[in-house]
Amino acid sequence: MNLITKLFIINSIILNSSLVAQNKLIINNKSHDYNILLLIEDEQFDSALKYINKNCTEIHTFKETDKYNLLKAIIYLEIKESDSASIFLEKINDNSSLSDEKYLAEGIMYYRKSNFKNALEHLLNSEKIKINAFSEKLNEVLKAYFQLYLGRTYAEIGLYTFSVEEYIKAYKIFKKYKLENFAANSNKFLGRAYTFFAESDAKYYEAAENEFKQALNYYEKSKKQEQLNWIYIILSDFYIQQNNADSSFQYLSKLNKIVNNTPDKNLEGLYHNNIGETNMLLKELNTAEKSFFKAIDCYNSNKNIVNKTITFYNLSKLYSEKNEIVKAVMYADSAYNFSLLSDIKQKTAQILKFKAELYYRLNNPEAYLLHKEYDSIKTKIFNKQNYYISYSFREKYENEKLKNSNDELVLINKVNSQKLTVGIFVAATVILVVLLFVIILFLKRKQKKHELQNRLNSLQLQSVQSQMYPHLLFNATSAAASVIYKEKREIAYDYLVKTSQLMRRALIDNNRLYKTLQEELDFVENYLEIQKIRFPERFDYEINVDEKLDTSKTVPQMIIQTYVENSIKYGIEALKEGGLLLINLKQTPVQIEIEIRDNGVGIETSKTMKIKGTGNGIKIMNEIYKIHNQSKKEQISFQIIDLYKEGKKGTAVIITIKNSKLT
């Protein structure tokens, strides 16, 4: 069987299995590169790699080898495997005829890593490439492919006018060669760029909608489900921006069944986020809140920082609408921290502005500092965009300068050398002084930012902890009322005296954010002695502390007391006799473990008994842990275990404090 016959059989297999190969793939050694591009265009990346390995193994020249290394790198960039792409790019010699194309592909790699400065530097010359190793047709298509990424880079740095120009250039070439999938991607990116113009001029909404619908029509006809899923999300975003809840739900409903079965947690998270935003438009705030938390659960599994930023910001806006300002500040703070990690400067500025508004509502003078920081970031964004504009036109400027180089040289030769030396010295001195001033300003600003963050964390913690002692007072007075009702006057008197002493201690400690473990244990023991007065025959307790544990370490107030109260109220109080509460504190090499265990009626039984209570204790502690974990080096977490499920009696709470260097 000769080579041509072998190629014919291989190509026939691909024709039968590939959607893109319908009458497109050409059986010709010279056309292998174009066949590969068709498979890339149809997003059949595995097939493209197999095609290269099967059909291009007999290529021996350096030129041909470099060509297929470049195409392999492009495939790996498309599937977001930058490390694999870099391996094939490194195989291309810098002196190769494809060195320019290697440079452009590296630009896409920088784009994938969100290094937009380097991405722009590499991709700016995409119009000028002449890929001698490829046909003229493929040369033009690859040029458009790189221009599409240049447009995406411009969009990321906020230069939407430039991005639109590149998208349109790429779109025209893709349509010329009937590469509909690439063209649909251009439609999608064009629509996104137009939506940014629509913020200042509503007429662009129609242009954006038209681009999105063109992409949608192609994805529906070609049955590209993955692309359809994302265009549904994009269209939902688009209509949310226009406050059109009905149209947003129209596209989200198409995702309903798909999302429940998708392994793509990023898609699922965006779906729940958009459900939440749409419900916010309808003022269904409780439903929106549940959707936002579902979105966060999805992002936690794939660590998507950008989408976390958006959803935490949405939660902050939601709690602002519910007039729960402390919660709104807490989630705005989380959104701000995530935006710094993801380097989304425009979103960071937006969140800072919103935080400042929340502080105004709290009559907090630090709102002014937040607004100043917002102004500073907006100025940096503006300056950065101007830098990129200058960078984009640098080559044009240098070409014009070259045309007039003779005149400039004549002028330079007329300048006195002594004046030139003085000028350079003066300029260098000015630059040095300015640089020193900028460094000092930066250090002061960083110090102020750190102080501001610490003050904000303290304010949040004080606000949340101020709810704890009313919760304790409610439980204590309810219990006293129960004793008095049963006409045990002497016991009631003794109980009230000890309770008043406990509450006096609580009021003294009320302004403290933290206390030592020993102080917390003393407080808990006083409380338990009071409970023994209430239940002399049916309650006892034990406190065991590991000798290795340093009880002078500080922890948030009520960290043990809250769960002790719940154990007695919901577990032991319902017993007729033999109630026992165990508190065990253990030090391990990496964490402190606190166990509160009772032999009470258990979680499920207590639910059926309709025991009265506010139910706020654990909720409040959850908020304290969130604020603590954001501002401290250690992490506090807890779990509640129903021991009846393990064949034992009662309930256990395990609190862990990782990194025992408590502050």
Side-chain angles (χ1 to χ4, degrees), residues 70 73-74 76-78 80-83 85-86 88-90 92 94 98-131 139-174 182 185-197 305-306 339-349 377-402:
L70 175 66
I74 287 172
Y76 281 113
L77 286 170
E78 282 299 313
K80 299 179 182 178
E81 292 187 16
S82 296
D83 291 340
S86 64
F88 287 102
L89 288 175
E90 284 172 8
I92 302 173
D94 289 335
L98 289 173
S99 59
D100 289 342
E101 291 69 51
K102 173 186 175 181
Y103 193 68
L104 291 166
E106 287 171 344
I108 299 176
M109 198 147 51
Y110 282 121
Y111 172 87
R112 294 287 187 200
K113 295 177 180 178
S114 299
N115 187 339
F116 302 121
K117 178 181 179 295
N118 284 339
L120 183 64
E121 180 181 352
H122 282 66
L123 290 166
L124 267 175
N125 293 319
S126 56
E127 272 192 348
K128 296 182 178 180
I129 65 169
K130 292 181 180 179
I131 307 177
N139 172 50
E140 201 170 355
V141 170
L142 281 176
K143 181 191 296 185
Y145 174 80
F146 289 123
Q147 284 175 324
L148 189 63
Y149 272 95
L150 177 58
R152 294 175 71 176
T153 305
Y154 277 133
E156 290 290 346
I157 57 182
L159 300 177
Y160 301 110
T161 303
F162 288 8
S163 70
V164 165
E165 290 176 3
E166 299 303 324
Y167 293 151
I168 291 173
K169 288 176 190 174
Y171 174 79
K172 287 179 179 177
I173 295 173
F174 295 144
F182 279 157
N185 281 337
S186 302
N187 290 135
K188 183 171 63 180
F189 294 128
L190 256 174
R192 282 179 166 175
Y194 284 142
T195 55
F196 287 100
F197 293 129
I305 295 172
V306 174
S339 74
L340 292 177
L341 289 174
S342 56
D343 199 30
I344 317 173
K345 296 299 183 188
Q346 290 178 325
K347 182 60 72 175
T348 301
I377 290 178
K378 288 293 286 183
T379 302
K380 286 177 183 176
I381 292 171
F382 177 76
N383 290 339
K384 194 172 184 180
Q385 287 177 341
N386 280 341
Y387 164 76
Y388 282 126
I389 292 171
S390 301
Y391 190 88
S392 297
F393 283 100
R394 182 180 65 185
E395 189 174 358
K396 182 180 178 183
Y397 166 76
E398 287 176 351
N399 288 337
E400 290 176 356
K401 184 178 178 182
L402 190 62

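What you are looking at is a predicted structure, and each value in this text was computed from that prediction instead of being measured.
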| query | Got a salt bridge between K169 and E166, using NZ or NE/NH1/NH2 to carboxylate O under 4.0 Å? | reply | yes
Value rounded to 0.5 Å, distance of [atom1] in [X] from [atom2] in [Y]:
| X | Y | atom1 | atom2 | answer |
| --- | --- | --- | --- | --- |
| L89 | L77 | CG | CG | 6.5 Å |
| E106 | E90 | CD | CD | 8.5 Å |
| L190 | T195 | CG | OG1 | 10.5 Å |
| F196 | T161 | CZ | OG1 | 12.5 Å |
| E121 | T153 | CD | OG1 | 12.5 Å |

Looking only at heavy atoms, what is the nearest atom pair of [X] and [Y], with distance?
| X | Y | value |
| --- | --- | --- |
| A155 | S163 | N-CB, 3.8 Å |
| Q147 | A170 | OE1-N, 4.2 Å |
| L123 | L150 | O-CD2, 3.7 Å |
| I173 | E140 | CG2-O, 3.6 Å |
| R112 | S82 | CB-OG, 4.0 Å |
| A105 | F146 | N-CE2, 3.8 Å |

| Y76: what forms a side-chain hydrogen bond (donor to acceptor under 3.5 Å, both in side chains) with it, not counting sequence neighbours? | none
| remark: By side-chain hydrogen bond (donor to acceptor under 3.5 Å, both in side chains), Y167 pairs with (sequence neighbours left out) none
Side-chain contact, heavy-atom cut-off 4.5 Å: [X] with [Y]?
| X | Y | result |
| --- | --- | --- |
| N115 | K117 | yes |
| R152 | E156 | no |
| L148 | Y171 | no |
| L142 | I74 | yes |

| task | Indicate the ring-plane relationship of F182 and Y145, choosing parallel, tilted or perpendicular according to the 30° and 60° boundaries. | result | tilted
